[in-house]
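Only one structure is covered here, and it is reproduced in the block below.
Protein chains get the first letters and strands the later ones, always in sequence-line order, with residue 1 at the start of each. Both backbone and side-chain heavy atoms feed into the values below; hydrogens, waters and symmetry mates do not.
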Amino acid sequence: MGMRPSSAASQASPLRFGAPLAAAAVLGVLAGYPLWRLAAEALSGGGMGDALSATGVRTAAFNSLWTSAAAATLAAAAGTAVALLTERYRIRGAAALRVAMVGTLIVPPFVSAVSWQATYAPFGLLDDLTGLSGGWIDGRVGVVVVIAVNVAPLAFLVVAAALRGSRLGDVERAARAAGAADAATLRSITLPLIRPALAAAWLVGFAAALANFGVTTVLGTSAGFDTLTTRVYRAIAFSAREAAFQEAVAMALILVLLALVVIALTDSRFVSGRMTGLADPTTGRIGSMAPAPPGAAALAWGYLTLSLMLPLGGLVLRALTRAVGVSASPGNWTLANFRAVWDARTWEALGRSAALAASAALLALAVAGLLVFVSRTGNRRWGSAAAVMFAVPGTSIALAVSLGYGRWIANTAAIILVAYVAKLLVLAHRPLAGSAVSIHPDLLRAGRAAGAGPGGLLRWIVAPMLRSAIVAGAVLVFVFAVHELTMSSLLRGPGNETLAVVVLDYQQIGDPTVTAALAVVLAIVIAVVAAPLLWLRRVWGAPQ
Amino acid sequence: MFLRARVWAVLGALAVLAAACGGGGGETLTIYTSVTQATVDAVVTDFEEANPGASIEVFRAPTGEVTARIAAERRNGDPGADVIWLTDPLSMYQYQSDGLLAAWEPAAAAALPPAASGPAFWGTRVLYLVVVAAPGNPESITEWQDLVDPSLAVAFPDPRFAGSAFAALGYFGLEFFGDLNAAGAVQVPSPGDVVTGVAEGRFAAGITLEFSARTAAEKGSPVEVVWPRPAAVAISSPIAIVDGAGSEVRARDFIEHVLSESGQTAIGATGWSPILAGIPGPVIPAGVDIVYPEWDVIIEQQEDLIDGYASLFGG
């Protein structure tokens, strides 16, 4: 494509008209049609009326909104604090902090919730070792805190990318040169300038929290605390009954509408701010970095110890202990739980999941690229559409996709990929959209003047500048797709097991030591797969 | 050129993946099930050994995923299953009254407990609701009623997440759960969570599945199965043929096999109680009484039970 620079002018205009059409078509396939089928189902059978009048649905909707907003706020605060520390200050071990922060993602949320409970709840690991425990873990506080911890890495990635990809450093240097103290610079220069990234971080966290099912089930059930998502799952459990199925569909639709309202408001009010003026195409790095405030690094490591290392340690100990309820001392250690999950079936399922996840990552990147391109030439609302589906629980997406396309592509990899890309698109889109603003239009004009066609511009200018975002997006989509439990377990063809199928089987058998062993194996596999990508990202993200 | 080659490579990989995940041919028997993988595998392998050349594909998922899949498929045509094999009868009663199941009777029908089957579905194994307690049963729990005790930390599975837990709500009724609530008992997501909570010492006792408590105890967890009076609650794991199934003859063969001595032995060998008497499997102590819930009555009250339960335990 890039071999015919002379045809640049003639290719530019069809692209300008064709791309929005293509974007609309792709979003229509991924979200529009399946959601339309979902809505038709909810509105035709009276499910919507039943759902709205059912006991406790309004409370559940209110719980969904406030827990998601609270978790997103906490996550954005934690993610931003760590991002400022690693990207804005001179600090020892910044790379280790980054890896630890993103490392939280290697454990899926429901496993994380079980680990928190096993570590911090009364009669948990910490209680055994030190006599300290937190009764608040089981209940709404625990739900919010654990969801926040799980989505904080997303917030971190969004804010860190914004800090790295801008010329903020020059502005801050100027402020300091003019005599502003560090705190004042942070308050009146840095934070206002990265406001769009903060809002985007909050929004992704909100959507992730709204769709969360595992944490609320594990930590909310004993307190009788439920959200719309847990109610969707309860209705699904009884979905042989027509009314229950329709209620599940209707509540999924309510979730979609809630997500739509919150995301559209946030996107239009806060995220649409432009950072183009700060773009720094030459270095992509912040200039001089101030020394970190005293105690900040200790605070960050303290947070990561409590949020990641202790629960992860608890998970590993549980996986190593021969049975639940016996002391986790070395005398009770065994590899039997690992042997139980270490079989051909697990590896085959893992391979299939990894192949699906990698395909989903590539497709999501392609679609995200299209949306970013379209946004640059016109409407900026395309991105909001991508975020809405992320807020919909996996089961509901699987149902919508099954209703929409089951007739034609049931039991194929294609139907699973439609569900994956629809749900996870935002994870590829936000990093790309965030970095795309750093490509100054003059650069593209210069490229065109030098005779490059669209392919050449993409290959020689756009792709190199977006490498970091491309890798970040790919890793995120991959990790979330490998972790997901419900979409592939509902949509896959008979006999074609994905990892979700294996995980859910062990969960159903109900031995937490074996489930822990499987989670540890999975975490190691993801770490092994993601580490080279993160390393690549470091290389690519370095000054050019 | 370089980009184009990569695009083709990706498309090629996707095509291979699509082929790998695709469905099978017409002569294949497709089973949708929520029965645990090891048990399905054992029975299917046993069947394939007895019927060389048989082609069986299994879709296994938790009950909710199986029923939601069937619901979505029915809207686009026929369900993709020839045989449905579930963990508890709740959904099966629904399918039976919806006319989704083929009327048919296996040879072993007369040997099955009458309460374990409907006219169009058949029990294959039995799950028991029992009490799980600390080793040696230090609180001397002998009856279900002993769980209603404010001085005991008691847990039970949320009946809104699974049919087996719903069986407890249906069998004991709202009054018993009201008493449990007044005594401070706590709902947890699943029967397995009850066992984990008792093993860790968070709870003194709880309502759970005998399988979960027994397998945990066998692994060394500090728990013990207590068979409470007046009776442990039995839940049959039903199997049925989908009406209009493409391979109905093969489906009948399969169910006959599940209910044969060989199929039942395979079930017993994976730790579940076979439904036919005299087959090796988990040992139930002598003198223990068993009762089957009256599902046809419970199903009529399903919504009232769930609403009444929600007003007690939230959500």
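Side-chain contact between A:Phe245 and B:Arg74: absent, with no pair of heavy atoms (C-beta onward) separated by less than 4.5 Å. Looking at heavy atoms from C-beta onward, A:Thr513 lies in side-chain contact with B:Lys219 at the 4.5 angstrom threshold.
In terms of heavy-atom pairs under 4.5 angstrom with chain B, the leader among A:Asn332, A:Val501, A:Thr217 is A:Thr217. Contact count versus chain A (heavy atoms, under 4.5 Å) is highest, among B:Thr63, B:Thr196, B:Ile56, B:Leu312, for B:Thr196. Most heavy-atom pairs under 4.5 Å with chain A, from the set B:Val195, B:Asp41, B:Ile31: that is B:Asp41. Contact count versus chain A (heavy atoms, under 4.5 Å) is highest, among B:Gly220, B:Pro189, B:Gly192, B:Ala61, for B:Pro189. Of the residues considered (A:Arg37, A:Glu242, A:Arg322, A:Arg345), A:Arg345 shows the highest number of contacts with chain B, using heavy-atom pairs under 4.5 Å. Highest contact tally toward chain B, considering only A:Pro122, A:Ser222, A:Ala60, is held by A:Ser222 [criterion: heavy-atom pairs under 4.5 Å]. Looking only at heavy-atom pairs under 4.5 Å with chain A, the residue among B:Glu65, B:Arg60, B:Glu218 that has the most is B:Arg60. Listed options B:Arg202, B:Met92, B:Arg75, B:Glu73 were ranked by heavy-atom pairs under 4.5 angstrom with chain A; first place goes to B:Arg75. Most heavy-atom pairs under 4.5 Å with chain B, from the set A:Ala500, A:Ala235, A:Ala237, A:Ala366: that is A:Ala237.
In this structure, the portion of B:Gln94 lying under 4.5 Å from any heavy atom of chain A is its side chain and not its backbone. Looking at B:Pro159, the atoms closer than 4.5 Å to chain A (heavy atoms on both sides) all sit in the backbone: N, CA, C or O. There is no contact between B:Asp193 and chain A, counting heavy-atom distances below 4.5 Å. Heavy-atom distances place both the backbone and the side chain of A:Asp505 under 4.5 Å from chain B. The part of A:Glu41 that comes within reach of chain B is its side chain, from C-beta onward, which places non-hydrogen atoms under 4.5 angstrom from that chain. For A:Asn337, the part lying under 4.5 angstrom from a heavy atom of chain B is the side chain only. Using a 4.5 Å cut-off between heavy atoms, B:Thr36 contacts chain A through both its backbone and its side chain. Heavy-atom distances place no part of B:Tyr93 under 4.5 Å from chain A, backbone and side chain included. Residue contact with chain B, scored on non-hydrogen atoms closer than 4.5 Å, is absent for A:Ile415. For A:Thr59, no part sits under 4.5 Å from any heavy atom of chain B, backbone or side chain. B:Phe161 touches chain A through backbone and side chain together, each having a heavy atom under 4.5 Å away. Heavy-atom distances place both the backbone and the side chain of A:Thr486 under 4.5 Å from chain B.
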Take B:Glu200 and A:Gln117 through the side-chain contact (heavy atoms from CB on, under 4.5 Å) test and state the conclusion after the steps.
CA-CA 11 Å; B:Glu200 288 179 335; A:Gln117 194 177 41; over 6 Å; no
B:Thr67 and A:Phe238: side-chain contact (heavy atoms from CB on, under 4.5 Å), yes or no, with the steps?
CA-CA 8 Å; B:Thr67 55; A:Phe238 293 92; over 6 Å; no
Given salt bridge (charged side-chain N to carboxylate O under 4.0 Å, His left out), test A:Arg492 with B:Glu57 step by step and report yes or no.
CA-CA 12 Å; A:Arg492 78 199 166 87; B:Glu57 284 197 325; over 6 Å; no
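At least one donor-acceptor pair under 3.5 Å links the side chain of B:Ser221 to the backbone N or O of A:Val324.
Residue-environment remark: CZ (A:Arg58) stays at or below the threshold of 12 foreign heavy atoms within 6.0 Å.
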Listed pairs under 3.5 Å, donor-acceptor, residues 393-409 of chain A side chains, sequence neighbours left out:
{"unit_1": "A:Thr395", "atom_1": "OG1", "unit_2": "A:Tyr233", "atom_2": "OH", "d": "2.9"}
{"unit_1": "A:Tyr405", "atom_1": "OH", "unit_2": "A:Val29", "atom_2": "O", "d": "2.5"}
{"unit_1": "A:Arg407", "atom_1": "NH2", "unit_2": "B:Asn76", "atom_2": "OD1", "d": "3.1"}

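Taking both residues in full, the closest heavy atoms of B:Thr87 and A:Gln508 are given as OG1-NE2, 4.0 Å, listed atom of the first, atom of the second, then distance.
Interatomic distance, OG1 of B:Thr39 versus CD1 of A:Ile509, reported as 7.5 Å (0.5 Å rounding). For the atom pair CD (A:Glu497) and CZ (B:Phe59), the distance works out to 10.5 Å, reported to the nearest 0.5 Å.
Listed by sequence position, B:Gln302, B:Glu303, B:Asp307 are the residues of residues 298-307 of chain B in contact with chain A, using a 4.5 angstrom heavy-atom cutoff.
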